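Below is one structure; the comments refer to it alone.
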Amino acid sequence: MNLSQFRQRGPFEWELPARGSMRVPGVIFASRALIEAMDDKVGEQVANVASLPGIVAASYAMPDAHWGYGFPIGGVAAFDAEEGGVVSAGGVGFDISCGVRSLHTGLKLAELEPVKPRLADVLFRRIPAGLGSTGALRLKALEMTAMLKGGAGWAVEEGFGHPEDLARIEERGCVAGADPSAVSEQARHRQRDEMGTLGSGNHYLEVQVVDELFDRKAAQAYGLAEGDVLVTLHCGSRGMGHQIGTDYLRAMVIAAPRAGIQLADRELACAPLKSELGQRYLGAMRAAINCALANRQILTFLTREAFAEVFPGIRLPLLYDVSHNTCKEERHVLDGQKRRLFVHRKGATRAFGAGHAELPAEYREVGQPVLIGGSMGTSSWVLAGAGGAEERAFASACHGAGRAMSRHEALRRWQGRSVVDELAARGILIRSPSLRGVAEEAPLAYKDVGAVVEAAEQAGLARRVARLRPLVCIKG
DNA sequence: ATGTCC
(Lines give C-alpha, C1' and ligand atoms only; values in the text may rest on other atoms or scores of the structure.)
Protein backbone atom coordinates (compact mmCIF):
# COMPACT_ATOMS: atom_id res chain seq x y z
CA MET A 1 0.00 0.00 0.00
CA ASN A 2 1.13 3.49 -0.85
CA LEU A 3 1.19 5.20 2.56
CA SER A 4 1.61 8.77 1.23
CA GLN A 5 -2.18 9.16 1.01
CA PHE A 6 -2.60 8.37 4.74
CA ARG A 7 -2.34 10.53 7.83
CA GLN A 8 -1.07 8.51 10.78
CA ARG A 9 -3.36 8.99 13.82
CA GLY A 10 -1.33 6.64 16.02
CA PRO A 11 1.17 3.79 15.66
CA PHE A 12 -1.63 1.40 14.66
CA GLU A 13 -4.19 3.74 13.10
CA TRP A 14 -4.03 5.19 9.56
CA GLU A 15 -6.50 7.75 8.29
CA LEU A 16 -7.43 8.21 4.66
CA PRO A 17 -8.82 11.76 4.72
CA ALA A 18 -12.19 12.26 3.00
CA ARG A 19 -11.75 13.50 -0.57
CA GLY A 20 -13.80 13.44 -3.76
CA SER A 21 -17.05 11.58 -3.19
CA MET A 22 -16.04 10.26 0.25
CA ARG A 23 -18.57 11.34 2.91
CA VAL A 24 -16.38 10.25 5.84
CA PRO A 25 -12.68 9.36 6.23
CA GLY A 26 -11.32 5.86 5.91
CA VAL A 27 -9.45 4.33 8.84
CA ILE A 28 -7.20 1.27 8.69
CA PHE A 29 -6.04 -0.29 11.96
CA ALA A 30 -2.70 -1.99 11.38
CA SER A 31 1.01 -1.96 12.13
CA ARG A 32 3.21 -0.25 9.56
CA ALA A 33 4.36 -3.66 8.30
CA LEU A 34 0.79 -4.95 7.88
CA ILE A 35 -0.54 -1.89 6.06
CA GLU A 36 2.54 -1.74 3.84
CA ALA A 37 1.89 -5.34 2.80
CA MET A 38 -1.78 -4.64 1.95
CA ASP A 39 -2.79 -4.22 -1.68
CA ASP A 40 -3.56 -0.65 -2.80
CA LYS A 41 -7.00 -2.00 -3.71
CA VAL A 42 -7.82 -2.24 0.03
CA GLY A 43 -7.41 1.55 0.29
CA GLU A 44 -9.53 2.06 -2.84
CA GLN A 45 -12.28 -0.16 -1.44
CA VAL A 46 -12.20 1.57 1.96
CA ALA A 47 -12.60 4.90 0.10
CA ASN A 48 -15.42 3.53 -2.08
CA VAL A 49 -17.37 2.37 1.00
CA ALA A 50 -16.86 5.83 2.54
CA SER A 51 -18.78 7.30 -0.40
CA LEU A 52 -22.00 5.34 0.27
CA PRO A 53 -25.09 7.27 1.47
CA GLY A 54 -25.74 7.50 5.21
CA ILE A 55 -22.38 6.12 6.35
CA VAL A 56 -21.41 7.44 9.80
CA ALA A 57 -18.05 8.11 11.49
CA ALA A 58 -15.69 6.34 9.09
CA SER A 59 -15.15 3.41 6.74
CA TYR A 60 -12.94 1.03 8.72
CA ALA A 61 -10.59 -1.83 7.89
CA MET A 62 -9.14 -4.32 10.37
CA PRO A 63 -5.49 -5.43 10.51
CA ASP A 64 -6.29 -8.62 8.52
CA ALA A 65 -7.99 -6.69 5.70
CA HIS A 66 -7.57 -7.75 2.10
CA TRP A 67 -9.28 -7.12 -1.21
CA GLY A 68 -12.86 -8.42 -1.42
CA TYR A 69 -16.05 -8.14 -3.44
CA GLY A 70 -16.95 -4.43 -3.28
CA PHE A 71 -16.20 -3.99 0.41
CA PRO A 72 -12.79 -5.16 1.67
CA ILE A 73 -12.74 -8.36 3.71
CA GLY A 74 -11.96 -7.00 7.15
CA GLY A 75 -14.22 -4.01 6.52
CA VAL A 76 -16.61 -2.37 9.01
CA ALA A 77 -19.14 0.30 8.07
CA ALA A 78 -22.23 1.59 9.90
CA PHE A 79 -25.21 3.35 8.34
CA ASP A 80 -28.04 5.45 9.76
CA ALA A 81 -31.46 4.77 8.20
CA GLU A 82 -32.59 8.28 9.15
CA GLU A 83 -29.79 9.79 7.06
CA GLY A 84 -30.51 7.85 3.88
CA GLY A 85 -28.29 4.97 4.99
CA VAL A 86 -28.04 1.78 2.94
CA VAL A 87 -27.60 -1.94 3.33
CA SER A 88 -25.29 -3.73 0.90
CA ALA A 89 -25.24 -7.41 -0.02
CA GLY A 90 -21.56 -7.12 -0.93
CA GLY A 91 -20.94 -5.43 2.43
CA VAL A 92 -21.95 -8.63 4.21
CA GLY A 93 -20.42 -11.01 1.72
CA PHE A 94 -21.61 -14.25 0.16
CA ASP A 95 -20.91 -16.49 3.12
CA ILE A 96 -23.51 -14.81 5.32
CA SER A 97 -22.85 -15.30 9.06
CA CYS A 98 -19.73 -17.30 8.52
CA GLY A 99 -18.34 -17.56 12.03
CA VAL A 100 -16.44 -19.41 14.67
CA ARG A 101 -17.65 -21.60 17.53
CA SER A 102 -15.32 -23.02 20.19
CA LEU A 103 -16.12 -25.89 22.54
CA HIS A 104 -14.38 -26.97 25.74
CA THR A 105 -13.48 -30.67 25.83
CA GLY A 106 -12.42 -30.87 29.49
CA LEU A 107 -9.40 -32.86 28.25
CA LYS A 108 -5.72 -32.08 28.78
CA LEU A 109 -3.13 -32.43 26.00
CA ALA A 110 -1.65 -35.60 27.53
CA GLU A 111 -5.03 -37.35 27.31
CA LEU A 112 -5.47 -36.41 23.66
CA GLU A 113 -2.03 -37.18 22.23
CA PRO A 114 -2.32 -41.02 22.33
CA VAL A 115 -5.64 -41.04 20.43
CA LYS A 116 -4.97 -38.18 18.03
CA PRO A 117 -4.90 -40.20 14.76
CA ARG A 118 -7.99 -42.18 15.73
CA LEU A 119 -9.88 -39.02 16.72
CA ALA A 120 -8.88 -37.38 13.41
CA ASP A 121 -10.29 -40.35 11.49
CA VAL A 122 -13.52 -40.45 13.52
CA LEU A 123 -14.10 -36.71 13.06
CA PHE A 124 -13.37 -36.94 9.33
CA ARG A 125 -15.83 -39.84 9.00
CA ARG A 126 -18.62 -38.07 10.90
CA ILE A 127 -18.31 -34.44 9.76
CA PRO A 128 -19.39 -33.87 6.15
CA ALA A 129 -16.75 -31.64 4.56
CA GLY A 130 -15.92 -30.29 1.13
CA LEU A 131 -17.59 -28.60 -1.82
CA GLY A 132 -21.12 -29.89 -2.37
CA SER A 133 -21.07 -32.06 0.75
CA THR A 134 -24.48 -33.06 2.07
CA GLY A 135 -25.70 -33.98 5.53
CA ALA A 136 -27.92 -36.72 6.91
CA LEU A 137 -30.78 -34.23 7.30
CA ARG A 138 -33.16 -33.33 4.49
CA LEU A 139 -35.40 -30.40 5.37
CA LYS A 140 -39.01 -30.28 4.20
CA ALA A 141 -40.50 -26.87 3.35
CA LEU A 142 -42.04 -26.20 6.77
CA GLU A 143 -38.89 -27.35 8.61
CA MET A 144 -36.81 -25.03 6.44
CA THR A 145 -39.01 -22.08 7.40
CA ALA A 146 -38.83 -23.01 11.10
CA MET A 147 -35.01 -23.28 10.84
CA LEU A 148 -34.73 -19.86 9.15
CA LYS A 149 -36.78 -18.30 11.96
CA GLY A 150 -35.35 -20.28 14.87
CA GLY A 151 -31.59 -20.64 14.24
CA ALA A 152 -29.65 -22.65 16.81
CA GLY A 153 -32.77 -22.66 19.04
CA TRP A 154 -34.57 -24.62 16.32
CA ALA A 155 -31.66 -27.07 16.10
CA VAL A 156 -31.72 -27.60 19.89
CA GLU A 157 -35.47 -28.24 19.77
CA GLU A 158 -34.80 -30.81 17.06
CA GLY A 159 -32.43 -32.60 19.43
CA PHE A 160 -29.06 -31.23 18.25
CA GLY A 161 -27.77 -30.04 21.60
CA HIS A 162 -28.84 -28.60 24.92
CA PRO A 163 -30.78 -25.44 25.86
CA GLU A 164 -27.76 -24.24 27.87
CA ASP A 165 -25.75 -24.10 24.62
CA LEU A 166 -27.81 -21.10 23.52
CA ALA A 167 -26.62 -18.71 26.24
CA ARG A 168 -23.08 -18.87 24.82
CA ILE A 169 -24.08 -17.90 21.26
CA GLU A 170 -24.23 -14.35 19.89
CA GLU A 171 -27.92 -13.29 19.98
CA ARG A 172 -28.60 -16.45 22.05
CA GLY A 173 -28.52 -18.44 18.83
CA CYS A 174 -31.35 -16.69 17.00
CA VAL A 175 -31.46 -13.25 15.40
CA ALA A 176 -34.82 -11.45 15.37
CA GLY A 177 -36.40 -10.07 12.21
CA ALA A 178 -35.67 -13.02 9.91
CA ASP A 179 -38.11 -13.09 6.98
CA PRO A 180 -38.27 -16.54 5.36
CA SER A 181 -40.66 -15.17 2.72
CA ALA A 182 -37.77 -13.04 1.40
CA VAL A 183 -35.67 -16.19 0.76
CA SER A 184 -35.92 -17.54 -2.79
CA GLU A 185 -36.99 -21.05 -3.67
CA GLN A 186 -33.55 -21.58 -5.19
CA ALA A 187 -31.81 -20.64 -1.93
CA ARG A 188 -34.02 -23.08 -0.02
CA HIS A 189 -33.42 -25.80 -2.58
CA ARG A 190 -29.63 -25.42 -2.34
CA GLN A 191 -29.73 -25.65 1.44
CA ARG A 192 -32.24 -28.48 1.97
CA ASP A 193 -29.59 -31.21 2.33
CA GLU A 194 -26.62 -29.06 3.45
CA MET A 195 -27.48 -28.62 7.14
CA GLY A 196 -24.73 -29.97 9.37
CA THR A 197 -21.99 -29.66 6.73
CA LEU A 198 -18.71 -27.82 6.93
CA GLY A 199 -18.35 -26.65 3.33
CA SER A 200 -15.04 -25.87 1.65
CA GLY A 201 -12.48 -23.10 1.25
CA ASN A 202 -11.25 -21.78 4.57
CA HIS A 203 -13.87 -23.68 6.59
CA TYR A 204 -12.64 -26.26 9.06
CA LEU A 205 -13.02 -28.09 12.34
CA GLU A 206 -9.92 -28.02 14.48
CA VAL A 207 -8.82 -29.67 17.73
CA GLN A 208 -6.51 -27.27 19.56
CA VAL A 209 -4.58 -26.90 22.78
CA VAL A 210 -4.27 -23.73 24.85
CA ASP A 211 -0.60 -22.90 24.34
CA GLU A 212 -0.16 -19.64 26.23
CA LEU A 213 -2.30 -17.26 28.27
CA PHE A 214 -2.01 -13.47 27.98
CA ASP A 215 -4.82 -12.30 30.26
CA ARG A 216 -5.34 -14.55 33.29
CA LYS A 217 -8.51 -12.85 34.52
CA ALA A 218 -10.29 -13.16 31.16
CA ALA A 219 -8.95 -16.70 30.68
CA GLN A 220 -10.43 -17.68 34.03
CA ALA A 221 -13.80 -16.17 33.11
CA TYR A 222 -13.71 -18.07 29.81
CA GLY A 223 -12.68 -21.32 31.57
CA LEU A 224 -9.30 -21.58 29.80
CA ALA A 225 -6.07 -22.94 31.28
CA GLU A 226 -2.77 -23.88 29.64
CA GLY A 227 -2.87 -27.43 28.24
CA ASP A 228 -6.68 -27.46 27.84
CA VAL A 229 -7.97 -29.04 24.65
CA LEU A 230 -10.63 -27.16 22.67
CA VAL A 231 -12.53 -27.83 19.45
CA THR A 232 -13.24 -24.96 17.07
CA LEU A 233 -15.59 -24.88 14.08
CA HIS A 234 -15.32 -22.31 11.31
CA CYS A 235 -18.19 -22.35 8.83
CA GLY A 236 -21.25 -20.47 7.66
CA SER A 237 -24.58 -20.65 5.86
CA ARG A 238 -23.41 -22.76 2.90
CA GLY A 239 -25.50 -22.61 -0.30
CA MET A 240 -28.27 -20.64 1.43
CA GLY A 241 -26.16 -17.57 2.18
CA HIS A 242 -24.45 -17.72 -1.18
CA GLN A 243 -27.75 -17.80 -3.08
CA ILE A 244 -29.26 -14.98 -0.99
CA GLY A 245 -26.14 -12.90 -1.68
CA THR A 246 -26.42 -13.62 -5.40
CA ASP A 247 -30.17 -12.92 -5.55
CA TYR A 248 -30.01 -9.59 -3.73
CA LEU A 249 -26.80 -8.37 -5.29
CA ARG A 250 -28.51 -8.69 -8.67
CA ALA A 251 -31.61 -6.85 -7.44
CA MET A 252 -29.52 -4.10 -5.81
CA VAL A 253 -27.47 -3.47 -8.97
CA ILE A 254 -30.74 -2.73 -10.80
CA ALA A 255 -32.37 -0.78 -7.96
CA ALA A 256 -29.47 1.45 -6.84
CA PRO A 257 -29.54 3.92 -9.77
CA ARG A 258 -33.35 4.09 -9.50
CA ALA A 259 -32.91 5.07 -5.83
CA GLY A 260 -30.56 7.85 -6.98
CA ILE A 261 -27.43 6.12 -5.67
CA GLN A 262 -24.28 6.62 -7.75
CA LEU A 263 -21.99 3.60 -7.41
CA ALA A 264 -18.22 4.01 -7.63
CA ASP A 265 -18.13 0.26 -8.24
CA ARG A 266 -20.98 -2.02 -9.33
CA GLU A 267 -19.91 -4.41 -6.58
CA LEU A 268 -21.01 -1.80 -3.99
CA ALA A 269 -24.65 -2.38 -5.02
CA CYS A 270 -26.92 -1.45 -2.13
CA ALA A 271 -30.44 -0.40 -1.24
CA PRO A 272 -31.69 2.28 1.17
CA LEU A 273 -32.53 0.83 4.58
CA LYS A 274 -35.84 2.65 4.20
CA SER A 275 -36.87 0.78 1.04
CA GLU A 276 -38.75 -2.42 0.40
CA LEU A 277 -35.69 -4.04 -1.17
CA GLY A 278 -33.45 -3.00 1.74
CA GLN A 279 -35.91 -4.44 4.24
CA ARG A 280 -36.36 -7.66 2.26
CA TYR A 281 -32.59 -8.13 2.10
CA LEU A 282 -32.30 -7.58 5.85
CA GLY A 283 -35.04 -10.18 6.41
CA ALA A 284 -33.38 -12.71 4.08
CA MET A 285 -29.88 -12.03 5.48
CA ARG A 286 -31.16 -12.56 9.03
CA ALA A 287 -32.71 -15.86 7.90
CA ALA A 288 -29.25 -16.81 6.58
CA ILE A 289 -27.71 -15.84 9.95
CA ASN A 290 -30.13 -18.24 11.64
CA CYS A 291 -29.23 -20.88 9.05
CA ALA A 292 -25.52 -20.51 9.90
CA LEU A 293 -26.24 -20.69 13.64
CA ALA A 294 -28.36 -23.82 13.14
CA ASN A 295 -25.63 -25.30 10.94
CA ARG A 296 -22.96 -24.77 13.61
CA GLN A 297 -25.34 -26.25 16.21
CA ILE A 298 -25.81 -29.44 14.16
CA LEU A 299 -22.05 -29.64 13.55
CA THR A 300 -21.60 -29.33 17.33
CA PHE A 301 -23.91 -32.33 17.77
CA LEU A 302 -21.85 -34.35 15.26
CA THR A 303 -18.61 -33.26 16.97
CA ARG A 304 -19.96 -34.41 20.34
CA GLU A 305 -20.89 -37.80 18.84
CA ALA A 306 -17.41 -38.15 17.38
CA PHE A 307 -15.67 -37.28 20.65
CA ALA A 308 -17.98 -39.60 22.60
CA GLU A 309 -16.87 -42.46 20.33
CA VAL A 310 -13.30 -41.96 21.57
CA PHE A 311 -14.05 -40.54 25.05
CA PRO A 312 -17.34 -42.14 26.26
CA GLY A 313 -19.51 -39.81 28.33
CA ILE A 314 -17.64 -36.65 27.32
CA ARG A 315 -19.46 -33.30 27.28
CA LEU A 316 -18.41 -30.41 25.07
CA PRO A 317 -19.88 -27.19 26.45
CA LEU A 318 -19.61 -24.00 24.42
CA LEU A 319 -17.02 -21.34 25.02
CA TYR A 320 -18.72 -19.00 22.52
CA ASP A 321 -20.07 -18.65 18.98
CA VAL A 322 -19.59 -15.42 17.03
CA SER A 323 -20.15 -14.51 13.38
CA HIS A 324 -17.93 -12.34 11.20
CA ASN A 325 -20.06 -11.70 8.07
CA THR A 326 -23.21 -9.82 9.07
CA CYS A 327 -25.15 -6.59 9.07
CA LYS A 328 -26.54 -6.04 12.59
CA GLU A 329 -28.82 -3.38 14.00
CA GLU A 330 -27.04 -2.04 17.09
CA ARG A 331 -27.04 0.99 19.36
CA HIS A 332 -23.79 2.90 19.58
CA VAL A 333 -22.84 6.21 21.18
CA LEU A 334 -21.47 8.64 18.61
CA ASP A 335 -20.27 12.10 19.69
CA GLY A 336 -22.16 11.62 22.95
CA GLN A 337 -25.40 10.68 21.18
CA LYS A 338 -27.10 7.28 21.18
CA ARG A 339 -27.65 6.16 17.59
CA ARG A 340 -29.43 3.18 16.04
CA LEU A 341 -27.08 1.95 13.34
CA PHE A 342 -26.80 -0.90 10.86
CA VAL A 343 -23.26 -2.18 11.25
CA HIS A 344 -21.80 -4.16 8.35
CA ARG A 345 -18.98 -6.46 9.43
CA LYS A 346 -17.44 -8.35 6.53
CA GLY A 347 -14.58 -10.48 7.78
CA ALA A 348 -14.73 -8.59 11.05
CA THR A 349 -15.86 -9.87 14.44
CA ARG A 350 -18.24 -8.17 16.84
CA ALA A 351 -16.17 -7.40 19.96
CA PHE A 352 -18.38 -6.01 22.74
CA GLY A 353 -16.44 -4.78 25.74
CA ALA A 354 -16.91 -5.42 29.45
CA GLY A 355 -20.28 -4.48 30.89
CA HIS A 356 -22.30 -4.96 27.70
CA ALA A 357 -25.80 -6.17 28.58
CA GLU A 358 -25.86 -8.61 25.66
CA LEU A 359 -23.02 -10.73 27.09
CA PRO A 360 -23.51 -13.86 29.23
CA ALA A 361 -23.21 -12.89 32.92
CA GLU A 362 -20.03 -14.95 33.40
CA TYR A 363 -18.23 -12.99 30.65
CA ARG A 364 -19.65 -9.54 31.39
CA GLU A 365 -16.78 -8.39 33.57
CA VAL A 366 -14.07 -9.15 31.01
CA GLY A 367 -15.81 -8.56 27.67
CA GLN A 368 -16.98 -10.75 24.80
CA PRO A 369 -14.88 -13.68 23.64
CA VAL A 370 -13.59 -12.81 20.16
CA LEU A 371 -12.67 -16.04 18.39
CA ILE A 372 -9.93 -15.66 15.78
CA GLY A 373 -9.23 -18.53 13.41
CA GLY A 374 -5.67 -18.72 12.17
CA SER A 375 -4.65 -20.31 8.92
CA MET A 376 -4.25 -24.08 8.68
CA GLY A 377 -1.27 -25.21 10.76
CA THR A 378 -0.85 -21.89 12.58
CA SER A 379 -2.20 -20.62 15.87
CA SER A 380 -5.73 -19.47 16.59
CA TRP A 381 -6.53 -16.88 19.23
CA VAL A 382 -9.11 -16.03 21.83
CA LEU A 383 -9.37 -12.28 22.36
CA ALA A 384 -11.64 -10.22 24.60
CA GLY A 385 -13.60 -7.21 23.35
CA ALA A 386 -12.01 -3.95 24.53
CA GLY A 387 -15.07 -1.73 24.38
CA GLY A 388 -16.01 0.70 27.12
CA ALA A 389 -15.05 4.33 26.68
CA GLU A 390 -12.50 3.23 24.13
CA GLU A 391 -15.00 1.56 21.82
CA ARG A 392 -13.62 1.75 18.30
CA ALA A 393 -14.95 0.76 14.90
CA PHE A 394 -18.38 0.10 16.47
CA ALA A 395 -16.95 -2.59 18.76
CA SER A 396 -15.32 -4.70 16.06
CA ALA A 397 -12.06 -6.59 15.73
CA CYS A 398 -10.22 -8.71 13.18
CA HIS A 399 -11.49 -12.18 12.21
CA GLY A 400 -8.46 -14.23 11.21
CA ALA A 401 -5.11 -14.17 9.54
CA GLY A 402 -6.43 -12.81 6.27
CA ARG A 403 -5.11 -14.02 2.94
CA ALA A 404 -1.72 -12.74 1.83
CA MET A 405 -2.02 -14.15 -1.71
CA SER A 406 -4.68 -15.44 -4.09
CA ARG A 407 -5.80 -19.06 -4.22
CA HIS A 408 -4.41 -19.21 -7.75
CA GLU A 409 -0.96 -18.07 -6.59
CA ALA A 410 -1.05 -20.57 -3.68
CA LEU A 411 -1.82 -23.43 -6.11
CA ARG A 412 1.17 -22.41 -8.20
CA ARG A 413 3.49 -22.54 -5.17
CA TRP A 414 2.40 -25.58 -3.15
CA GLN A 415 1.30 -29.19 -3.48
CA GLY A 416 -1.49 -30.34 -1.16
CA ARG A 417 0.25 -33.64 -0.38
CA SER A 418 3.48 -32.02 0.76
CA VAL A 419 1.58 -29.49 2.88
CA VAL A 420 -0.19 -32.39 4.65
CA ASP A 421 3.11 -34.26 5.12
CA GLU A 422 4.98 -31.24 6.46
CA LEU A 423 2.23 -30.49 8.96
CA ALA A 424 2.05 -34.16 10.02
CA ALA A 425 5.79 -34.04 10.73
CA ARG A 426 5.02 -31.19 13.13
CA GLY A 427 2.28 -33.23 14.85
CA ILE A 428 -0.65 -31.51 13.09
CA LEU A 429 -2.97 -34.03 11.46
CA ILE A 430 -4.92 -32.79 8.41
CA ARG A 431 -7.89 -34.69 6.99
CA SER A 432 -9.49 -33.24 3.86
CA PRO A 433 -11.46 -34.44 0.83
CA SER A 434 -9.50 -31.98 -1.34
CA LEU A 435 -5.71 -31.83 -1.67
CA ARG A 436 -6.22 -28.87 -3.98
CA GLY A 437 -8.13 -27.12 -1.20
CA VAL A 438 -5.26 -27.86 1.18
CA ALA A 439 -2.76 -26.26 -1.24
CA GLU A 440 -4.96 -23.17 -1.57
CA GLU A 441 -5.01 -22.93 2.22
CA ALA A 442 -1.26 -23.45 2.74
CA PRO A 443 -0.18 -21.65 5.93
CA LEU A 444 2.09 -19.23 4.06
CA ALA A 445 -0.77 -18.09 1.81
CA TYR A 446 -1.98 -16.14 4.85
CA LYS A 447 -0.69 -13.22 6.88
CA ASP A 448 0.97 -13.89 10.23
CA VAL A 449 -2.02 -14.19 12.58
CA GLY A 450 0.18 -13.31 15.56
CA ALA A 451 1.04 -9.95 13.97
CA VAL A 452 -2.66 -9.39 13.18
CA VAL A 453 -3.88 -9.95 16.75
CA GLU A 454 -1.03 -7.91 18.17
CA ALA A 455 -2.04 -5.02 15.92
CA ALA A 456 -5.69 -5.48 16.97
CA GLU A 457 -4.62 -5.24 20.61
CA GLN A 458 -2.32 -2.26 20.06
CA ALA A 459 -5.05 -0.47 18.12
CA GLY A 460 -7.39 -0.90 21.10
CA LEU A 461 -9.87 -3.19 19.32
CA ALA A 462 -9.50 -6.25 21.59
CA ARG A 463 -7.13 -7.80 24.16
CA ARG A 464 -5.23 -11.05 23.69
CA VAL A 465 -6.40 -13.77 26.09
CA ALA A 466 -5.11 -17.11 24.80
CA ARG A 467 -3.13 -18.59 21.92
CA LEU A 468 -4.30 -21.98 20.64
CA ARG A 469 -2.05 -24.48 18.82
CA PRO A 470 -3.62 -26.87 16.27
CA LEU A 471 -3.52 -30.65 16.78
CA VAL A 472 -6.06 -32.01 14.29
CA CYS A 473 -7.75 -30.22 11.41
CA ILE A 474 -10.71 -31.42 9.35
CA LYS A 475 -10.43 -29.19 6.30
CA GLY A 476 -13.35 -28.56 3.96
C1' DA B 1 -17.42 -18.34 0.16
C1' DT B 2 -19.98 -21.20 -3.95
C1' DG B 3 -24.16 -27.41 -7.19
C1' DT B 4 -15.97 -22.78 -8.43
C1' DC B 5 -20.89 -20.61 -15.33
C1' DC B 6 -27.84 -22.16 -16.60
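Keep in mind that this is a model prediction, so the values were computed, not measured. Just so we're on the same page: letters track the sequence lines, and every chain starts at 1.
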Tabulate below the donor-acceptor pairs under 3.5 Å that side-chain atoms of residues 269-277 of chain A make, not counting sequence neighbours, or state none.
residue	atom	partner	partner atom	Å
A:K274	NZ	A:E82	OE1	3.0
A:S275	OG	A:P272	O	2.6
A:S275	OG	A:G278	N	3.0

#### Entry: Geometric cation-pi criterion A:R403 and A:Y446, 6.0 Å radius, 45° cone
yes

Side-chain atoms of residues 465-473 of chain A: list all donor-acceptor pairs with protein atoms under 3.5 Å, sequence neighbours left out, distances to 0.1 Å.
residue	atom	partner	partner atom	Å
A:R467	NH1	A:E212	OE1	3.1
A:R467	NH2	A:D211	OD2	3.3
A:R467	NH2	A:E212	OE1	3.1
A:R469	NE	A:D211	OD1	3.3

Tabulated below should be each protein N or O lying under 3.5 Å from an N or O of nucleotides 3-6 of chain B; please produce it.
residue	atom	partner	partner atom	Å
B:dG3	OP1	A:R190	NH2	2.0
B:dG3	OP2	A:E194	OE1	3.4
B:dG3	OP2	A:E194	OE2	2.9
B:dG3	O6	A:Q186	NE2	3.4
B:dG3	N2	A:R190	NH1	3.2

### Task
Under 4.0 Å between any heavy atoms, over every strand shown, what does A:G199 touch: base, sugar-phosphate, or nothing? Just pick one.
sugar-phosphate

### Query
Mind checking what makes side chain to side chain donor-acceptor pair (under 3.5 Å) contact with A:R436, not counting sequence neighbours?
A:E440

### Message
Over all strands shown, is A:S200 touching base, sugar-phosphate only, or nothing at heavy-atom distances under 4.0 angstrom?
### Response
base

### Task
Go through the structure and list residues passing salt bridge (charged side-chain N to carboxylate O under 4.0 Å, His left out) with A:R258, not counting sequence neighbours.
none

### Query
What parts of residues 90-102 of chain A reach DNA chain B, counting only heavy atoms under 4.0 Å away?
A:F94, A:D95

### Query
Across the strands shown, which category fits A:G201 at heavy-atom distances under 4.0 angstrom: base, sugar-phosphate, nothing?
sugar-phosphate

Give every donor-acceptor pair under 3.5 Å between a side-chain atom in residues 50-60 of chain A and any protein atom, sequence neighbours left out.
residue	atom	partner	partner atom	Å
A:S51	OG	A:N48	O	2.5
A:S59	OG	A:V46	O	2.8

### Query
Mind checking what makes salt bridge (charged side-chain N to carboxylate O under 4.0 Å, His left out) contact with A:E36, not counting sequence neighbours?
A:R32

### Query
Can you list the residues that meet the side chain to side chain donor-acceptor pair (under 3.5 Å) rule with A:D95, with sequence neighbours excluded?
A:H203

### Query
With a non-hydrogen cut-off below 4.0 angstrom, is A:R407 in contact with a base, only sugar-phosphate, or nothing?
sugar-phosphate

